[in-house]
Amino acid sequence: MIVDIPDQKAFEIQMLGPYTHEEFDRFCVQNPKLRAELEPDGKISIMSPVHLLSASRENLFSTYLTLYGIETGLGEAFNSNAAFTLPNGSVRAPDASFVYADKLAGMSEADWSSFPSIVPEFVVEVRSDSDRLNQLKKKMTDTWIANGVQLGWLVDPQSEIVYLYRADGTQEEIHGFDQELSGEEILPGFTFKLSLLRR
């Protein structure tokens with residue numbers, strides 16, 4: 001099924017399903033320009049691309065995580081194009097993520113060419129100017145943490161607040177971008193200066 005939508009039109013639709021994982025994979029191959037995720041109920045959600053500033057901020061997290069992974073050998077970072085099949089059946093793509101090396105070592109060649117059934121240890125979601133904060137908060141708890149992510153950062157550049165989510169259920173708010181975030185025990189030694197997100 002090919003969806004024809006003008007390239008520059010912002011949209012967020014949900015296609016009725018349910019679709020199987022195989023059908024979703026085919027859909028993504030046939031529609032490479034779309035940002036799509038599979039909901040737990042088998043519906044396909046299609047989101048608009050982000051503006052340049054949001055893309056730049058997302059890329060900063062992926063870049064710093066990539067360098068951290070290379071330096072430590074702890075694992076590998078992925079950008080917003082990488083999607084994972086989660087235990088609840090959904091297929092989700094965080095803005096940035098980090099997966100431990102031992103988990104990646106267990107993947108087959110077919111896994112690397114699919115949306116693998118693995119859960120990142122760490123994810124970042126960056127709020128764009130079209131995102132609803134409450135929906136992102138729900139995604140952090142109901143999607144990422146509920147499915148096994150150990151640490152998640154929800155970054156809101158509009159208010160300069162970062163919401164931290166941990167696997168033990170604790171949450172924390174960091175106010176102001178004059179601070180430095182820590183990867184805690186999940187990413188030992190990893191830090192990120194929030195001031196980098198300012199323009």
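Note that these values count all heavy atoms, side chains included, but never hydrogens, waters or copies made by symmetry.
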Q) Where do V155 and L197 land on the side-chain contact (heavy atoms from CB on, under 4.5 Å) test, with the steps shown first? A) CA-CA 10 Å; V155 182; L197 301 175; 3.6 Å; yes
Q: Please determine which of W153, W144, Y163 meets the side chain to side chain donor-acceptor pair (under 3.5 Å) test together with E125.
A: W144
Q.
With side chain to side chain donor-acceptor pair (under 3.5 Å) as the test, pick out the partner of R166 among E185, Q171, E184, Q150.
A. E184
Between [Y] and [X], does any NZ, NE, NH1 or NH2 come within less than 4.0 Å of an OD or OE carboxylate oxygen?
X	Y	answer
E39	R92	yes
D142	K138	yes
D178	R198	yes
K139	E37	yes

[X] [atom1] to [Y] [atom2] distance, which is reported to the nearest 0.5 Å:
X	Y	atom1	atom2	answer
I186	E121	CD1	CD	8.0 Å
R127	L154	CZ	CG	8.5 Å
F84	S117	CZ	OG	11.5 Å

Quick check: do [X] and [Y] have side-chain heavy atoms less than 4.5 Å from each other?
X	Y	answer
L164	V162	yes
N59	N79	no
P157	R57	yes
F24	C28	yes

**Q.** Pair F98-Y68, ring-ring contact (aromatic ring centres under 6.0 Å, His included): steps then yes or no
**A.** CA-CA 10 Å; F98 193 90; Y68 172 80; 5.7 Å; yes
Q: State, to 0.1 Å, how close S62 and D95 come at their nearest heavy-atom pair, and which atoms those are.
A: OG-O, 3.8 Å
Q. F27 and A36: which non-hydrogen atoms are nearest, and at how many Å?
A. CE2-CB, 4.0 Å
Q: Might you confirm whether atom CD of E172 has over 12 heavy atoms from other residues, nucleotides or ligands at distances under 6.0 Å?
A: yes
Q. Do H175 and E173 have side-chain atoms, one donor and one acceptor, less than 3.5 Å apart?
A. yes
